[in-house]
Amino acid sequence: MKRLFFALFMSLPMVVMAQDNTWERVETSANSVNPDQKYLAGAVPEVDGKVVFKTTVDAPGKSAQQVYDIVLDYMKKLVHEPNQFEQSRVVLEDKGRQVGATLQEWLVFKSTALQLDRTRLLYNLIVDCADGKADVTMSRINYIYDEERDPQHYVAEEWITDKWGLNKKQTKLARVSGKFRRKTIDRKDFLFNKFAELLK
């Protein structure tokens, strides 16, 4: 009996240590951040069934005309950047109030010496200017993929929304359309952040 008690007593630290390791693994797993978290449910908003990204950018101390001038200057440069197609242009100049552009640009998924995976991204960018702020809208988003070989046309509403751009559990990006969702959100973030930087 003493031997049995001694054996049990000696094995107790091993059990505790095993439990500690298990808890450590569970805790590490719970604390790990999903690298795709910002692209998951709710990241692609819909307005009346259409994908529309919107933000309000503060422009402290600036009049509507000053906001307009800054935005127009940037948009005129944007449509001529190297990734833009010749169809990109500023199409709306409502002095002191609104600037609008239609853009067609390359969205690159992967670029190596052996592989170039990209799509043409088409969208409208509208900026409403006011005293101290700008309302920026990115809408009418669609894609032309693999246009050099077998062109495939996709619209954002049937390609990058939560229904199409995520798995059924909405815990991961979808295998194919997920890369479009990720890169579109990244492009939107870049543009919105650029306006915020210019108007601060």
Side-chain angles (χ1 to χ4, degrees), residues 32-47 49-58 70-71 73-90 99-128 134-148 151-167 169-200:
S32 62
V33 177
N34 183 342
D36 291 333
Q37 189 62 45
K38 70 176 274 189
Y39 306 104
L40 299 183
V44 177
E46 294 181 70
V47 177
K50 300 293 183 183
V51 171
V52 179
F53 292 104
K54 284 186 173 185
T55 191
T56 296
V57 176
D58 290 330
I70 292 168
V71 168
D73 181 63
Y74 174 64
M75 296 271 259
K76 284 183 174 179
K77 291 174 183 172
L78 175 64
V79 298
H80 294 294
E81 288 182 350
N83 68 322
Q84 298 293 325
F85 286 77
E86 62 182 30
Q87 292 91 338
S88 295
R89 57 179 48 95
V90 174
V99 182
T102 60
L103 296 113
Q104 295 189 32
E105 62 191 43
W106 285 121
L107 204 58
V108 179
F109 304 124
K110 186 174 184 180
S111 179
T112 67
L114 300 175
Q115 181 186 13
L116 178 58
D117 185 19
R118 63 185 180 179
T119 188
R120 187 189 300 219
L121 168 68
L122 303 88
Y123 62 97
N124 287 353
L125 194 60
I126 305 291
V127 182
D128 292 297
D135 294 320
V136 186
T137 304
M138 181 180 179
S139 63
R140 296 193 175 185
I141 301 165
N142 55 90
Y143 313 88
I144 304 173
Y145 184 58
D146 203 15
E147 60 183 287
E148 293 89 353
Q152 299 165 52
H153 295 257
Y154 302 109
V155 295
E157 291 74 20
E158 297 173 2
W159 198 237
I160 66 165
T161 56
D162 289 358
K163 179 180 179 181
W164 300 102
L166 301 175
N167 65 356
K169 293 182 179 179
Q170 298 195 337
T171 55
K172 292 180 182 177
L173 292 169
R175 192 174 60 83
V176 179
S177 59
K179 65 183 180 182
F180 289 78
R181 181 178 171 107
R182 176 198 298 276
K183 287 294 185 177
T184 302
I185 291 170
D186 287 346
R187 183 58 173 162
K188 175 268 299 182
D189 286 347
F190 173 84
L191 291 168
F192 286 8
N193 289 335
K194 185 66 176 179
F195 284 117
E197 179 188 316
L198 291 169
L199 294 173
K200 65 183 178 182

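Positions are given from 1, in the same order as the sequence printed here.
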**Student:** Any chance you could measure M75, atom CE, to F195, atom CZ, to the nearest 0.5 Å?
**Tutor:**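 Atom-to-atom, M75:CE and F195:CZ are 5.0 Å apart.
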**Student:** If you measure from CH2 on W159 to CG on N142, what distance do you get to the nearest 0.5 Å?
**Tutor:** 13.5 Å
**Student:** Answer yes or no: does atom CD of E158 have more than 12 heavy-atom neighbours from other residues, nucleotides or ligands under 6.0 Å?
**Tutor:** no
**Student:** Quick check: closest heavy atoms across A41 and D162, and the distance to 0.1 Å?
**Tutor:**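 For A41 versus D162, the nearest heavy atoms are CA-OD2, 3.6 Å.
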**Student:** Between L78 and Q84, is there a side-chain heavy-atom distance shorter than 4.5 Å?
**Tutor:** yes
**Student:** Calculate, to the nearest 0.5 Å, the distance between atoms CD1 and CG belonging to I126 and D135 respectively.
**Tutor:**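 Rounded to the nearest 0.5 Å, the CD1-CG separation comes to 12.0 Å.
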**Student:** Side chains of L116 and V108, heavy atoms from C-beta outward: is any pair under 4.5 Å?
**Tutor:** yes
**Student:** Any salt bridge (charged side-chain N to carboxylate O under 4.0 Å, His left out) pairs touching residues 105-120, not counting sequence neighbours?
**Tutor:**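 Residue pairs passing salt bridge (charged side-chain N to carboxylate O under 4.0 Å, His left out), neighbours aside: E105-R187, D117-K179, R118-E148, R120-E147.
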**Student:** Out of L103, L125, V99, which one pairs with V90 under the side-chain contact (heavy atoms from CB on, under 4.5 Å) rule?
**Tutor:** V99
**Student:** Kindly compute the distance separating CD (Q104) from OH (Y143), expressed to the nearest 0.5 Å.
**Tutor:**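 Rounded to the nearest 0.5 Å, the CD-OH separation comes to 13.5 Å.
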**Student:** Answer yes or no: is there a side-chain heavy-atom contact under 4.5 Å between L166 and L173?
**Tutor:** yes
**Student:** Can you tell me if NZ on K38 sees more than 12 non-hydrogen neighbours from other groups inside 6.0 Å?
**Tutor:** yes
**Student:** How many angstroms lie between atom NZ of K188 and atom NZ of K183, to the nearest 0.5 angstrom?
**Tutor:**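 That separation rounds to 14.5 Å.
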**Student:** Would you call K77 and D73 a salt bridge, taking side-chain N to carboxylate O under 4.0 Å as the test?
**Tutor:**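 Answer for the salt bridge query: yes.
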**Student:** Check step by step if side chain to side chain contact (heavy atoms under 4.5 Å, CB included) holds for T161 and W164.
**Tutor:** CA-CA 5 Å; T161 56; W164 300 102; 3.2 Å; yes
**Student:** For the side chain of N34 and the backbone of T171, is there at least one donor-acceptor N/O pair under 3.5 Å apart?
**Tutor:**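 Looks like yes, one N/O pair under 3.5 Å.
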**Student:** Quick one: does any side-chain atom of T119 pair with a main-chain N or O of I144 as donor and acceptor, under 3.5 Å?
**Tutor:**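 Between the backbone of I144 and the side chain of T119 there is a qualifying donor-acceptor contact (under 3.5 Å).
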**Student:** Is any side-chain heavy atom of Y145 less than 4.5 Å from a side-chain heavy atom of L107?
**Tutor:**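 A side-chain contact under 4.5 Å is absent here.
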**Student:** Between Y154 and S177, does any side-chain donor sit less than 3.5 Å from a side-chain acceptor?
**Tutor:**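 Distance-only check fails for Y154 and S177.
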**Student:** Answer whether the closest heavy-atom distance between the side chains of F192 and V57 falls below 4.5 Å.
**Tutor:** no
**Student:** Just by distance, do the side chain of R181 and the backbone of Y39 share a donor-acceptor pair under 3.5 Å?
**Tutor:**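 At least one qualifying donor-acceptor pair exists.
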**Student:** Answer whether the closest heavy-atom distance between the side chains of Y123 and L191 falls below 4.5 Å.
**Tutor:**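 Result yes, sub-4.5 Å side-chain heavy-atom pair found.
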**Student:** Just grab all the side chain to side chain donor-acceptor pair (under 3.5 Å) pairs involving residues 191-200, residues at least two apart or on different chains.
**Tutor:**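 Found none.
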